[in-house]
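Throughout, protein chains are lettered first and strands after them, A, B, ... in sequence-line order, and every chain is numbered starting at 1.
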There are 2 protein chains.
Amino acid sequence: MNSSRNRRPTIIDVAERAGVSKSTAARALAGSGNINDETRERVLRAAAATGYERNHLAVGMRSGRSGMLGLVIPDITNPFWGEVARGAQDRAAESGASLLVFSSDWDAAKEATHVGTLRRARVDGAIINPVADNFDDHHRFGLPFVFIGSSAERFADISSVGSDITQAVRLGMDHLVSKGHFAPSFIVGPKSRLARARFLRAVHEHCVERDIDPGILAMEDGEYTVEGGRQAMRRLLERPHVGHVCVFAANDMMALGAMMAVREAGLNCPADVSIIGFDGIPSGEFAWPGLTTIAKPGREIGVRAVEQLFDEIEHRPEHGRVYMPCRLIERGSLADLSVPTPKRAATGAGRV
Amino acid sequence: MNSSRNRRPTIIDVAERAGVSKSTAARALAGSGNINDETRERVLRAAAATGYERNHLAVGMRSGRSGMLGLVIPDITNPFWGEVARGAQDRAAESGASLLVFSSDWDAAKEATHVGTLRRARVDGAIINPVADNFDDHHRFGLPFVFIGSSAERFADISSVGSDITQAVRLGMDHLVSKGHFAPSFIVGPKSRLARARFLRAVHEHCVERDIDPGILAMEDGEYTVEGGRQAMRRLLERPHVGHVCVFAANDMMALGAMMAVREAGLNCPADVSIIGFDGIPSGEFAWPGLTTIAKPGREIGVRAVEQLFDEIEHRPEHGRVYMPCRLIERGSLADLSVPTPKRAATGAGRV
DNA sequence: GTGAAAGCGCTAACAG
DNA sequence: CTGTTAGCGCTTTCAC
């Protein structure tokens with residue numbers, strides 16, 4: 001009868017079956033334009049009967065909108081970025097868009113390659129965690145885009161979304177104080193990483209607000225990894241100190257590494273050393289003791305980024321950065337030194 | 001001069017600039033067909049000069065190959081599936097293909113929706129972790145596809161790739177025996193899940209091989225979550241038992257939950273209770289003690305799935321299942337009872 | 001309200 | 001080896 005046994009049905013098949021023209025069928029299918037109710041019904045029925053499915057390639061080609069969005073993150077395997085991807089995915093799907101996901105491994109060359117691929121795929125726009133610090137050609141990605149992550153913050157004029165580090169640090173510091181830790185030590189990322197400066201700036205701001213001299217705060221740095229945190233903690237413990245040690249790690253992996261170092265030094269967390277992290281990765285929940293940390297809203301960031309991207313695509317210039325609030329997750333890695341035992345208080349953070 | 005200030009350059013712009021015809025330009029750009037070296041050079045230069053980039057939408061439309069692949073997994077946020085996605089992503093990129101990623105949340109309806117979206121996007125094929133157990137319409141996805149994960153194993157005639165559960169269980173059991181644990185208890189998934197049966201079958205096979213009566217093995221089940229594992233462990237500990245308890249959990253999350261239950265019961269892992277998991281998620285590394293487990297090769301599964309999918313697309317019917325070997329990761333959650341100290345063996349679970 | 005026709009950017013015969 | 005000619009499936013004027 002019909003030759004649609006092998007071919008996938010096209011709009012022409014639907015039109016023929018409904019006894020209308022291509023364009024009428026298109027109008028009915030797209031739900032656009034003025035069209036007779038009865039005609040529309042007929043077309044829709046014909047479409048269902050033939051098993052017609054819109055060819056998005058063709059739509060994209062003709063309309064200039066592919067219905068696809070790109071996402072370039074450092075590593076989909078990383079729990080934080082996985083959350084971001086999930087949020088973006090869900091929000092995109094909600095609007096009928098699909099997401100092309102790529103991992104850059106913090107490598108500028110890979111990032112460029114992937115953006116190129118996205119451009120050729122004619123995605124309508126892209127969400128990118130920029131790895132390259134040193135070039136402002138970002139403006140010439142050649143497609144609508146939105147940045148995500150803390151590394152994006154420095155591009156003030158570019159639409160971006162990330163966690164509110166200032167608020168996060170304040171949350172952490174206030175919590176530490178509430179537990180009787182007044183002068184924590186810090187484990188931060190390597191100097192090369194943008195996020196480090198951002199984190200330290202927030203710490204500094206907070207100290208100024210609270211009339212604390214940032215100079216007295218001990219600090220060690222290392223890679224944003226378990227091993228980096230472990231070594232930094234080791235160095236911290238080698239420093240002369242008295243009483244309870246409290247550490248604020250700029251990243252959960254480092255915090256977990258620090259925890260290991262504490263154990264390896266024959267000390268106990270939280271009895272001897274208190275640790276607070278930053279990220280909210282699942283592993284923190286299973287560590288022993290559970291890692292108290294400040295969780296970034298990964299999923300919400302993904303959702304929000306897609307929304308910003310839509311604005312960008314539709315030329316609703318909402319330029320500027322959106323800061324998403326973080327939240328504290330209390331688990332067991334923090335000792336409570338605030339209990340009103342005079343002796344206890346003196347033990348304190350060692351700042352006599 | 002040229003009007004290509006706004007429009008993105010097309011193959012026509014390149015052809016004009018190189019002084020050749022559209023098709024010659026196309027041939028040069030695609031690297032296909034016979035073409036004069038010098039002409040090709042000229043075209044390539046013209047392309048570079050105009051900043052031409054192939055429009056994959058148009059290519060896909062004309063050639064019938066979109067250069068896109070779909071991936072439908074339960075949850076990109078889950079560490080195992082994240083690994084799979086990453087492997088697939090990398091392998092696809094290697095061949096110049098892009099990956100559309102979707103999460104189904106183990107929901108058959110979502111799965112169907114996503115497959116529909118992929119079909120409309122005209123992906124060349126899809127990699128799917130099938131959630132629906134009860135329909136064989138899989139054959140009518142309407143596009144080339146490959147299954148992944150253990151739930152796919154029952155579709156013997158469909159190309160699929162997953163971990164080798166039989167080998168994994170053997171690896172685990174042998175390791176337990178080598179540490180002096182001869183009759184472990186089991187924590188397995190809910191009856192509704194396909195993977196459970198697959199796991200138990202492997203255990204059974206192993207027992208038969210080793211002349212062990214599977215009937216003597218204690219078993220509890222629960223959801224594949226931390227909470228599921230915790231409750232199952234609780235029930236296991238309530239059972240009458242003497243000496244050291246050894247537990248083989250069918251999933252790392254459950255194993256981690258079991259570890260919590262042990263701690264909550266005032267017991268110690270591994271002194272009183274030994275635990276071995278199955279998955280290889282990162283959290284197991286940070287738990288205390290570190291979780292000994294059998295790791296599935298998530299990334300390799302992703303890579304392999306893409307390769308199988310290419311075969312499928314190219315009509316190289318390699319139908320059948322590919323089993324990827326798992327590997328043992330030794331950490332600290334297993335007591336070594338094999339040391340020939342009679343006392344040790346008797347010390348056991350300490351709950352007299 | 002509906003149809004005819006043009007064309008998005010590219011590839012694939014088919015001639016030369 | 002290169003140019004000409006058709007479309008791929010759809011949207012979108014522009015008539016009627």
- Item | Sequence-aligned protein contact record of nucleotides 10-16 of chain C, with B where the base is within under 4.0 Å of a protein heavy atom and S where only the sugar-phosphate is | BBBB---
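Between A/Val161 and A/Phe147, every side-chain heavy-atom pair lies at or beyond the 4.5 Å cut-off.
Remark: A/Ser66 OG to B/Met68 CE distance equals 8.0 Å, nearest 0.5 Å.
Note on the helix from C/dG1-D/dC16 to C/dG16-D/dC1: terminal axis deviation equals 40°, with five pairs used at each end and the result rounded to 10°.
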Please list every donor-acceptor pair under 3.5 Å in which a side-chain atom of residues 69-76 of chain A meets a protein atom from a residue at least two apart or in another chain.
residue : atom : partner : partner atom : Å
A/Asp75 : OD1  : A/Thr77 : N            : 3.0
A/Asp75 : OD1  : B/Arg86 : NH1          : 2.9

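For A/Glu16 and A/Lys22, the salt-bridge test fails: no basic side-chain N is under 4.0 Å from an acidic carboxylate O. In this structure, A/Glu314 pairs ionically with A/Arg65, as a charged nitrogen and a carboxylate oxygen lie closer than 4.0 Å.
Checked against salt bridge (charged side-chain N to carboxylate O under 4.0 Å, His left out), A/Arg91 has the following partners two or more places apart in sequence or in another chain: A/Glu307. Partners of B/Arg54 according to the salt bridge (charged side-chain N to carboxylate O under 4.0 Å, His left out) rule, which considers only residues two or more places apart in sequence or in another chain, do not exist here.
Residue A/Thr24 has a polar side-chain atom (N or O) positioned under 4.0 Å from OP1 or OP2 of C/dG3.
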- Criterion side-chain hydrogen bond (donor to acceptor under 3.5 Å, both in side chains) on A/Arg321 and A/Ser160, from CA distance to verdict: CA-CA 5 Å; A/Arg321 183 168 181 83; A/Ser160 76; 2.8 Å; yes
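When DNA chain D is scanned 5' to 3' for any atom under 4.0 Å from a heavy atom of chain A, the first and last hits are D/dG9 to D/dT12.
Both the sub-6.0 Å distance and the 45° axial angle are satisfied by A/Lys296 relative to the ring of A/Phe80.
When only modelled atom types and interatomic distance are considered, A/Ser104 and A/Asn129 share no side-chain donor-acceptor pair under 3.5 Å.
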